[in-house]
Amino acid sequence: MPGDSTTPTDGLAPSDELEQEQPDSLVSVMDSTANSQHKPFSIKLWPPSESTRQVLVHRLTNNLTSNSIFTQKYGALNKEEAEENAEKIEDIAFNTANGHYDREPDGDGGAAVQLYAKECSKLLLEVLKRVPAAKEKELASQNNASAETFFDISKGPRTFLEAEEAENLLTPLKDPGNSYTKICFSNRSFGLGAARVAGPILASLKNQLKEVDLSDFIAGRPEAEALEVMNIFSTALEGSVLKSLNLSNNALGEKGVRAFGALLKSQGCLEELYLINDGISEEAARAVCELIPSAEKLKVLHFHNNMTGDEGALAVSDVVKRSSLLEDFRCSSTRIGSEGGIALAEALESCTHLRKLDLRDNMFGVEAGVALSKALSKHLDLVEVYLSYLNLEDEGAVVLVNALKESAPSLEVLEMAGNDITADAAPTIAACIAAKQHLTKLNLAENELKDEGTIQISKALEEGHTLLKEVDMSNNFIRRAGARHLAQVVVQKPGFALLNINGNIISDDGVDEVKEIFNKCPDMLAPLDENDPEGGDDDEEVGEAEAELESKMKNLEVGQEE
């Protein structure tokens with residue numbers, strides 16, 4: 001209806017909302033010659049020309065796809081669905097109006113035009129009202145499909161599972177013709193009786209299973225019972241062709257790894273293997289290396305919170321060397337020192353598809369950092385790099401960020417917290433950051449960058465970096481000048497979410513200044529409750545130092561790749 005912003009689009013309104021405006025709308029899409037040669041009783045409005053009918057179909061399509069109060073209420077159709085429905089609506093409305101005109105001709109066809117418009121509007125609204133039901137049906141269908149392929153008993157509180165409860169709980173897995181390809185038995189502690197119930201069921205499914213999650217499934221069981229349970233599951237699943245296997249949180253140790261020997265030895269197509277918090281010692285790591293027959297397809301390998309050590313890292317390195325397709329490698333909190341770190345770094349050189357690397361919380365030191373830099377120079381696909389708490393110091397940090405500057409063009413996450421990095425390394429780090437325009441998260445917490453290093457890194461973030469969401473520079477001996485400069489830079493980023501500068505030595509005035517910078521978005525500023533405003537020199541000396549620093553940093557240019 002002309003000029004009415006509440007109509008679905010340009011020309012048609014559902015009949016029960018805007019019925020009064022319909023006739024004029026349909027007249028407006030009839031042949032334009034009728035309007036240019038207006039004579040009493042000489043304009044014939046019915047039947048419409050073929051071109052006019054096609055214009056109406058086009059307008060109906062727009063009504064079904066465009067944003068309006070009706071599509072906001074009921075939902076819109078995609079273009080293909082809208083075109084199909086628009087043609088049906090117009091055809092039905094035309095036949096209805098044409099039948100009326102044949103039965104009760106009224107000269108110029110004005111009554112037929114009115115009916116044509118009314119029917120189009122009515123049918124349009126009926127189609128829009130069906131959209132929510134169709135979407136709900138589609139969603140239900142997707143949920144059913146998901147439910148049929150994924151069997152998960154991990155929800156709810158952790159419980160001990162015995163034979164009778166296991167019999168009831170696992171009943172759906174016994175249904176003939178079920179389509180389960182993924183199972184999760186996590187968070188339920190299987191006793192020997194429950195394992196004997198589960199064993200035959202798993203054996204009957206092993207040819208269709210692709211993903212198996214047995215994390216945290218023997219908690220609280222005596223060692224002898226736990227090992228026997230593992231043996232039962234391993235035997236039942238032996239020969240399956242799995243893509244993903246999760247054995248995390250089971251305190252396996254070497255005995256536990258070998259209890260899963262039958263299963264591990266039969267896996268030649270694994271793409272994901274998770275051994276997190278499993279007591280993977282040197283001996284256990286060697287057992288893993290020995291038992292995995294092939295790592296050629298491995299894309300995800302996760303060790304975390306184990307006691308692997310240097311000797312264990314040598315065994316893990318053997319697996320990594322065989323994993324040329326590896327995309328996601330996590331070997332964090334595993335007590336690996338310089339020797340093991342160098343071995344892992346050398347193994348990673350062959351993993352040129354790596355996208356995510358997490359080596360946090362180990363004891364690599366400078367030498368392992370240098371070895372790792374050689375590997376990272378070959379990794380063009382890296383998106384996330386976690387190198388915090390590795391004792392890198394300035395020397396290790398500098399060679400690593402130099403390597404990342406020349407590689408990893410799409411780097412999104414860079415974490416190098418807790419590495420004793422000082423302001424001396426800041427120019428190199430800043431140059432790397434300036435080149436990484438996809439960066440979303442930067443974590444340099446718990447270093448010694450001070451104001452000088454912080455301002456250099458802030459300047460590196462000034463230009464571009466429109467995707468930046470989070471910066472953590474806590475515990476870096478930052479004073480007022482560094483805090484203010486960093487705050488002024490990040491607060492302007494369009495999608496920024498969190499700045500953490502807690503645990504520094506910002507004066508009370510500096511804290512107030514930073515809070516004022518974030519006054520319109522206080523949730524973007526982390527708490528400052530651990531800041532020590534008296535941790536530095538007295539106010540006069542601090543003021544002089546800040547003024548001198550501002551002067552030195554005023555014309556600083558940060559190097560950036562062309």
Is it true that [Y] and [X] share a donor-acceptor pair across their side chains at a distance under 3.5 Å?
{"X": "Ser377", "Y": "Ser407", "answer": "no"}
{"X": "Asn249", "Y": "Asn277", "answer": "yes"}
{"X": "Ser373", "Y": "Asn402", "answer": "no"}
{"X": "Thr308", "Y": "Asn306", "answer": "no"}
{"X": "Ser333", "Y": "Asp361", "answer": "yes"}
{"X": "Asp328", "Y": "His302", "answer": "yes"}
{"X": "Asp529", "Y": "Asn502", "answer": "yes"}

Verify, without hydrogens or angle tests, whether [X] (side chain) and [Y] (backbone) share a donor-acceptor contact under 3.5 angstrom.
{"X": "Asn168", "Y": "Glu165", "result": "no"}
{"X": "His379", "Y": "Leu348", "result": "yes"}
{"X": "Asp310", "Y": "Gly337", "result": "yes"}
{"X": "His465", "Y": "Ile433", "result": "yes"}
{"X": "Asn531", "Y": "Gly503", "result": "no"}
{"X": "Arg322", "Y": "Cys289", "result": "yes"}

Students often mix this up, so state it plainly: with edges at 30° and 60°, are the rings of Phe217 and Phe190 parallel, tilted or perpendicular? tilted
Of all heavy-atom pairs between Glu296 and Leu325, which one has the smallest distance, and what is that distance? O-CD1, 3.3 Å
What about Tyr180 and Phe151, are their ring centers closer than 6.0 Å? yes
Between Phe303 and Tyr274, is the ring centroid distance below 6.0 Å?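 No, they do not, as the ring centres are separated by 6.0 Å or more.
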With a cut-off of 6.0 Å (strictly less than), are more than 12 heavy atoms of other residues, nucleotides or ligands near NZ of Lys493?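 Counting neighbours around NZ of Lys493, more than 12 heavy atoms of other residues, nucleotides or ligands fall under 6.0 Å, so yes.
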May I ask you to check whether over 12 heavy atoms, not counting those of Gln208, lie within 6.0 Å of atom CD? yes
Of the options Arg196, Arg221, Lys255, which is the one that meets Glu228 in a salt bridge (Lys or Arg N to Asp or Glu O under 4.0 Å)? Arg196
How about Leu449 and Ile457: do any of their side-chain heavy atoms sit closer than 4.5 Å? yes
Looking at Phe496, does the NZ or CZ of Lys469 lie under 6.0 angstrom from its six-membered ring centre and within 45 degrees of the ring axis?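 The answer is no, since Lys469 fails at least one limit relative to Phe496.
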If you measure from the Lys or Arg side-chain nitrogens to the Asp or Glu carboxylate oxygens, is any gap between [X] and [Y] under 4.0 Å?
{"X": "Glu290", "Y": "Arg258", "value": "yes"}
{"X": "Lys378", "Y": "Glu349", "value": "yes"}
{"X": "Arg158", "Y": "Asp216", "value": "yes"}

Among Leu326, Ile292, Leu270, which residue satisfies the side chain to side chain contact (heavy atoms under 4.5 Å, CB included) criterion with Leu301? Leu326
